[in-house]
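The block underneath contains the structure these notes are about, expressed in structure tokens.
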Amino acid sequence: MIDVKLLHKNFDETVAALLRKKVDVTLLNDLKTAHETLKSAKLAYESLQAKQNELSRLFGQYKKEGKNIDALKNEVDSNKAALVTLLETQRLAEDALDAIIMTIPNLPDSDVPHGEDENDNVEIAKVLTPRVFEFPIKDHVELGDTLGLDFEAGVKLAKSRFTVMRGDMARLERALINYMLDFNAQRGFHEMSLPYMVNADMLRGTGQLPKFEEDLFKIGDENLYLIPTAEVPLTNLLYDEIVTAETLPIKMTAHTPCFRKEAGSGGRDVRGMIRQHQFHKVELVAITHPDQSDDMLNEMVQCASDLLTSLELPHRLVTLCDGDMGFSAAKTIDIEVWIPSQNTYREISSVSNTRDFQARRAKIRFKEGKTNSLVHTLNGSSLAVGRTMVALIENGQHEDGTLTLPTVLDRYL
RNA sequence: GGACAGUUGGCCGAGUGGUCGAAGGCGCACGCCUGGAACGCGUGUAUAGGGCAACCUAUCUAGGGUUCGAACCCCUAACUGUCCGCCA
């Protein structure tokens with residue numbers, strides 16, 4: 001979450017920055033008021049509590065000395081009644097503040113381009129040139145029919161947006177996961193195996209809750225949620241921890257399935273494997289010193305881009321404009337892979353620096369000398385496996401429906 | 001799933017109603033000692049919020065209750081351990 005103190009100090013600047021993320025200004029005014037209310041409520045409560053503590057101490061002393069305690073008891077009792085009211089006021093103020101601040105998105109970095117939506121994202125670079133096909137190309141749904149993508153079976157077993165992979169396709173998925181994990185390990189990212197369900201606190205820590213509950217699959221009566229990305233368990237491994245500065249940066253990678261309701265996606269991408277309720281993804285997460293996070297963002301983007309290059313997949317890097325950025329991000333660079341059947345680039349990785357936004361929510365700090373400060377957290381896909389398969393199938397297709405895969409995968413297949 | 005036991009600071013561990021934010025030890029940091037080190041000695045060593053200095057408030061798994069006052073008593077939950085049942 002954002003820093004309330006900063007909001008107070010630079011109210012106009014903060015409002016301006018958050019307007020770019022489409023935040024309602026009245027909310028920010030409410031937030032400021034709530035914070036002021038809370039401060040005065042706390043002050044009132046704490047000073048009376050201090051007095052009460054002193055009286056209680058006296059009470060014990062008087063009793064021990066056999067003094068009369070009637071007058072003292074009267075005072076203590078009336079204070080107590082007042083304390084109960086003050087505490088209630090404080091709690092209400094706290095809840096009000098919390099309810100607002102937890103729904104306020106992160107401030108965009110100053111160098112993030114302005115814009116409304118994905119059309120205003122700024123291309124940074126193109127890597128590899130898309131192949132020119134000399135025959136009518138098929139999309140991955142048509143090709144998958146013979147290769148082993150079974151969309152009907154997915155629907156039968158669960159519902160739409162689920163897919164079954166048979167034989168070589170199932171093996172390709174497994175190979176890609178292994179290849180990506182090994183690739184990331186070589187770049188110093190420590191491999192993790194994680195729970196695919198987490199509790200609500202963790203989801204608040206990384207920013208999925210309370211605002212985006214409708215995007216998550218909740219487990220019946222268990223109070224657990226299926227993870228929408230490995231970013232959640234990976235980042236929250238450090239939840240409420242204080243690490244020493246020397247241990248930074250902490251670089252981690254993990255493969256997990258990801259579960260998303262895709263509630264807001266309407267009827268987009270219903271065909272094929274682009275947008276699924278369940279998909280595999282290999283994720284990168286870094287916990288850094290505030291001074292390191294800019295470099296780390298580049299390192300992670302480079303890592304994902306190099307991975308795509310090694311898979312011989314044409315792609316481009318774009319900086320997201322403020323209007324298209326996610327809730328927790330201060331800056332996001334998307335990597336989009338070439339999809340021949342759509343004649344366009346589609347997102348296959350998204351790398352974000354959240355700065356101290358998640359760290360403040362998840363209470364992740366580092367100790368440097370005697371002082372504790374918030375770390376910076378970053379996350380990025382490396383890569384979405386299903387979309388990588390789509391890209392490999394479509395980019396590597398032949399006229400007869402067969403497929404050539406990049407040689408780096410040879411030893412994994 | 002059933003029965004019983006437990007959950008205290010970075011760790012171990014005392015503490016069963018009144019300066020207990022918490023003894024003691026270990027670890028760690030700094031200083032002394034040493035040619036250097038170990039040993040020894042001394043000092044310091046939680047987090048958050050407010051003043052932003054003294055100091056104040058909160059926190060002994062979490063939430064609720066009893067009490068003038070709770071780490072300590074009561075209730076609920078979570079977690080851990082052990083035994084039984086079940087199971088990959």
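Throughout, protein chains are lettered first and strands after them, A, B, ... in sequence-line order, and every chain is numbered starting at 1. Below, all heavy atoms of this structure are taken into account, side chains as well, without hydrogens, waters or symmetry copies. Just so we're clear, the structure is a prediction, and the values are computed from it rather than from any experiment.
Note on A:Asn79: nothing from the nucleic acid sits closer than 4.0 angstrom, heavy atoms only. As judged by a 4.0 angstrom heavy-atom cut-off over every strand, A:Lys363 is placed among residues making no nucleic acid contact. As judged by a 4.0 angstrom heavy-atom cut-off over every strand, A:Leu55 is placed among residues making no nucleic acid contact.
A close approach under 4.0 Å does occur between a side-chain nitrogen or oxygen of A:Lys73 and OP1 or OP2 of B:rC68. A:Lys80 has a side-chain polar atom (N or O) that falls below the 4.0 Å cut-off from OP1 or OP2 of B:rG69. Contact annotation: A:Lys367 side-chain N/O to B:rA46 OP1/OP2 distance is not under 4.0 Å.
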What protein N or O atoms touch nucleotides 56-65 of chain B N or O atoms at under 3.5 angstrom, if any, and at what distances?
unit_1 : atom_1 : unit_2  : atom_2 : d
B:rU57 : OP1    : A:Asn53 : ND2    : 3.2
B:rG64 : OP1    : A:Arg91 : NH2    : 3.4

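The main-chain N or O of A:Pro249 is never found under 3.5 Å from a side-chain atom of A:Thr288 such that the two would form a donor-acceptor pair.
Each of A:Asp77 and A:Ile242 was matched to the nucleotide of RNA chain B holding its nearest heavy atom; the match closer to the 5' end belongs to A:Ile242.
Residue pairs satisfying the salt bridge (Lys or Arg N to Asp or Glu O under 4.0 Å) criterion with at least one member in residues 14-41 of chain A, sequence neighbours excluded, are listed as follows: A:Arg20-A:Asp322.
Taking atom NZ of A:Lys39 as the reference point, atom P of B:rA48 lies 18 Å away to the nearest angstrom.
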Please list, one pair per line, the donor and acceptor atoms closer than 3.5 Å that link side chains of residues 190-201 of chain A to other protein atoms, with sequence neighbours excluded.
unit_1   : atom_1 : unit_2   : atom_2 : d
A:Asn199 : OD1    : A:Asp201 : N      : 3.2
A:Asn199 : OD1    : A:Met202 : N      : 3.2
A:Asp201 : OD1    : A:Arg204 : NH2    : 2.9

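In this pair, A:Trp338 and A:Tyr345 present their aromatic rings perpendicular. The plane angle is above 60°, beyond the 30 to 60° band.
The same atom, C1', is picked in B:rU66 and in B:rA14; the two are 26 Å apart, to the nearest Å. The separation of B:rG9 from B:rA58, taken at their C1' atoms, amounts to 16 Å, rounded to a whole angstrom.
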